[in-house]
Amino acid sequence: MGRTVGIDLGTTNSEVAIVENGQARVLPVLHDELMLPSCVGFSETGQLLVGREAWRQYAAAPDRTVKSIKRWMGTSHTTTLKINETETRDYLPYEISAIILRTLKQRAEAVLGEPVTHAVITVPAYFTDAQRQATKLAGEVAGLEVLQIINEPTAAALTYDARSEETERVLVYDLGGGTFDVSVVEITGDVTEVLASHGNNRLGGDDFDRRLQLYLAQRYRETHNLDVPEDAATQARLLRVAEQVKIGLSTHAFVSVREAFLGSQGSQALHLETEIARSDFEDLIRPLLEETLTAIDRALEDAKLSAREIDRVILVGGSTRLPLVQEMVEEHLGQTPMDGVQPDLCVALGAAIQAGVLSGESVDAILVDVCPHSLGVATAMETAFGIVPGFFSVIIPRNSVVPISRSQVYYTVSPDQTVVVVEVFQGENTRAEENVPLGSFEVTDLPPQIASTLQIEIHFDFDINGILTVTATEKGKGNQGSLVVNNASVHRLSSHDLAQAQADLDALFLDEMDDVEAMEAELDQLIEVDATVLGTASPEIAALQARAEKTLAALDDPDEMEELGALISQLQYAKPNAVAKAQEELEDFLYYVDQNN
Ligand code: AMP
């Protein structure tokens with residue numbers, strides 16, 4: 001018997017994983033890529049293309065390419081693919097899936113250097129018997145003996161070391177490229193039961209891309225007074241840019257877009273040049289995410305459970321990397337989702353664990369690399385008596401799974417400030433100086449601005465080898481400074497230990513919040529603080545400030561400029577209980593300007 005693998009046969013991407021020395025790992029399908037786009041096609045010369053190459057030609061040659069075949073599994077829907085100018089070929093859904101599975105088998109064999117003969121394949125919990133049978137058949141056609149078809153949420157739960165003797169209820173929220181489903185699973189020892197499952201098999205990251213594509217087209221129209229050309233190739237380019245921007249916004253607060261030669265006017269080439277804030281994008285997709293929360297409620301209702309009775313929440317699927325998804329799910333369910341396994345690899349790893357169990361291998365918990373200390377920067381607090389420096393603002397919390405990228409937006413504290421010093425620390429103390437300094441750098445030549453309105457995005461990128469790269473970018477002119485720390489360390493924890501460490505950290509952070517609150521109260525008393533600027537602002541306020549700044553730059557009436565400048569400062573320096581009023585006054589003024597200019 002050859003090797004047994006676990007396969008996540010996804011709508012958008014598929015992965016193959018194995019258990020080796022007790023550890024599950026996803027195998028690369030091409031160079032270091034772990035995901036194979038679930039896309040099949042024929043090139044112009046009639047050559048079979050599978051994965052990235054087929055995906056690339058989809059926009060230009062939809063008659064020679066097929067994607068998202070999983071939606072049709074178990075039906076007799078026929079896909080006709082053009083092979084060359086005179087020849088076409090008809091495929092049933094399981095035949096296309098068999099091509100994808102065969103490719104995964106071959107790539108795994110190339111990496112392992114031995115035959116792969118058996119597999120565990122995952123399917124959505126809501127798949128009917130016909131859909132499961134079609135998936136099994138696809139595996140057999142691909143040359144694999146299918147040991148078991150398991151539910152995706154069950155596989156996801158397995159990666160989190162859930163085989164405890166006590167009954168656990170796990171909610172698995174799976175948001176991929178084209179589908180969404182939420183399942184409530186009950187696990188007791190080796191028995192996993194899906195109590196309820198709901199979803200929408202027409203909702204996913206592709207919809208977010210399309211919304212952003214329209215938004216980018218609108219920005220282009222505002223700049224050039226012309227529409228983006230309608231042809232398929234240009235629209236496909238715009239859609240690709242939209243996806244890149246979306247992915248960038250998962251780790252950055254702003255993303256600059258520069259797509260050259262998108263259209264033309266006479267002989268002049270027209271470019272798309274704009275900046276998208278995470279808050280703009282979030283406003284576009286929030287209504288879609290609200291639908292997913294309704295599905296959670298329905299699944300809980302069907303399972304006859306309340307949110308409080310859920311022991312763990314697991315996020316699965318590439319789209320759950322969006323910070324807004326994490327925030328909304330957390331707020332809705334009142335608990336932090338598990339962190340530790342990459343959301344788009346989780347199902348394949350679970351399938352491999354099950355494959356390992358069925359083929360008699362001993363399987364440990366998955367080991368994950370985490371950063372052992374919180375990482376952040378020193379920030380200042382402005383008071384009536386001047387700036388109080390030295391607060392530690394955490395950007396990457398301790399025990400975050402690496403690799404990880406996070407960013408935060410900060411503001412300058414002084415009017416006409418032209419230099420920002422970024423001091424990087426690791427540690428858990430709320431006072432920066434009590435932590436370990438990792439280095440510092442400056443961003444210079446900042447454009448002088450009215451008090452405290454200049455935004456600086458600080459981006460932390462912590463890789464698997466413990467290399468921390470910190471980049472600070474000033475939003476106006478784009479000036480940058482950066483620092484690379486080579487000696488930050490990485491620890492390995494089992495997923496079980498990680499869950500424990502995260503629970504400890506949550507408790508620690510509660511204590512620290514008390515510390516911060518006590519410290520702020522003390523400051524209040526000592527120096528009658530009349531302005532509190534911790535350097536960060538809520539996303540809503542940051543968006544309002546960004547909008548106000550933009551408006552300010554476009555105004556030419558000196559009275560309006562002065563008034564707007566004053567309102568921006570008022571909001572910036574507002575005491576917590578005056579923020580809402582300052583926000584409202586600024587919003588009203590911006591509305592007035594919009595109506596009158
Ligand atoms: P999946 O079906 O799980 O492979 O997920 C694919 C979807 O995840 C696509 O829509 C991707 O654009 C999206 N995706 C992948 N990485 C990210 C990311 N970092 N932030 C937001 N969406 C992502």
Side-chain angles (χ1 to χ4, degrees), residues 7-17 26 29-30 33-39 51-52 55-56 58-59 67-71 97 100 104 122-124 152-153 155-156 159 172-183 199-213 216 236 238-255 276 278 280-282 284-286 288-289 292 314-329 337 339 341-351 400-407 459 461:
I7 293 179
D8 171 5
L9 183 60
T11 311
T12 317
N13 294 298
S14 298
E15 299 88 33
V16 55
V26 176
V29 285
L30 187 67
E33 282 186 36
L34 300 178
M35 292 192 275
L36 181 81
S38 305
C39 202
R52 180 87 35 217
W55 181 83
R56 270 201 213 103
Y58 182 78
K67 61 177 193 173
S68 303
I69 196 66
K70 188 170 169 179
R71 296 186 199 282
S97 291
I100 297 169
L104 291 171
T122 59
V123 293
E152 287 161 11
T159 60
V172 181
Y173 176 103
D174 183 348
L175 186 61
T179 57
F180 163 69
D181 46 280
V182 54
S183 308
N200 178 348
N201 62 7
R202 300 268 162 212
L203 174 67
D206 299 347
D207 299 286
F208 309 156
D209 300 344
R210 279 191 289 271
R211 288 206 169 189
L212 195 51
Q213 178 190 11
L216 290 171
L238 194 58
L239 186 62
R240 257 206 300 273
V241 172
E243 186 182 15
Q244 284 160 4
V245 171
K246 171 189 78 174
I247 290 176
L249 287 170
S250 285
T251 50
H252 290 270
F254 306 94
V255 168
I276 306 291
R278 187 187 287 166
D280 297 333
F281 171 62
E282 291 182 343
L284 296 176
I285 63 164
R286 192 172 276 109
L288 297 177
L289 294 181
T292 70
I314 297 179
L315 298 183
V316 177
S319 298
T320 63
R321 290 176 191 267
L322 290 169
L324 185 63
V325 171
Q326 296 171 17
E327 276 164 34
M328 286 176 72
V329 172
D339 184 15
V341 181
Q342 293 188 36
D344 26 25
L345 305 181
C346 190
V347 169
L349 290 167
S400 296
V401 176
V402 294
I404 181 169
S405 294
R406 283 272 172 91
S407 54
H459 184 77
D461 196 42

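Both ligands and their constituent atoms are indexed starting at 1 by order of listing. For reference, positions follow the sequence shown, starting with 1.
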Do [X] and [Y] have side chains that approach each other closer than 4.5 Å (heavy atoms only, starting at C-beta)?
| X | Y | value |
| --- | --- | --- |
| L9 | V123 | no |
| Y173 | P337 | no |
| R52 | V29 | no |

[atom]: which protein heavy atom is closest, and how many Å away?
| atom | value |
| --- | --- |
| atom 19 (N) of ligand 1 | R321 CD, 3.3 Å |
| atom 13 (C) of ligand 1 | K246 NZ, 3.7 Å |
| atom 20 (N) of ligand 1 | S250 OG, 2.6 Å |
| atom 11 (C) of ligand 1 | E243 OE2, 3.3 Å |
| atom 23 (C) of ligand 1 | G318 O, 3.3 Å |
| atom 2 (O) of ligand 1 | G177 N, 3.1 Å |
| atom 4 (O) of ligand 1 | N13 ND2, 2.8 Å |

N or O contact, D344 vs ligand 1, cut-off under 3.5 Å: no
Taking only heavy atoms of [X] into account, list the atoms of ligand 1 that are under 4.0 Å away from them.
| X | value |
| --- | --- |
| G205 | 10 (O) |
| G176 | 1 (P), 2 (O), 3 (O), 5 (O), 7 (C) |
| T12 | 2 (O) |
| G317 | 3 (O) |
| L322 | 21 (C) |

Any S319 heavy atom less than 4.0 Å from ligand 1: yes
Basic-acidic side-chain contact under 4.0 Å: E152, K70: yes
Distance-only donor-acceptor check, side chains N201 and T179, under 3.5 Å: no
Considering all heavy atoms, the nearest M35-E15 contact: CG-OE2, 3.3 Å
Cation-pi check, K246 onto F208 ring (under 6.0 Å, within 45° of axis): no
Aromatic plane relationship, H459 with H252 - under 30° parallel, 30 to 60° tilted, over 60° perpendicular: parallel
Donor-acceptor contact present, side-chain S38 to main-chain S68, <3.5 Å: no
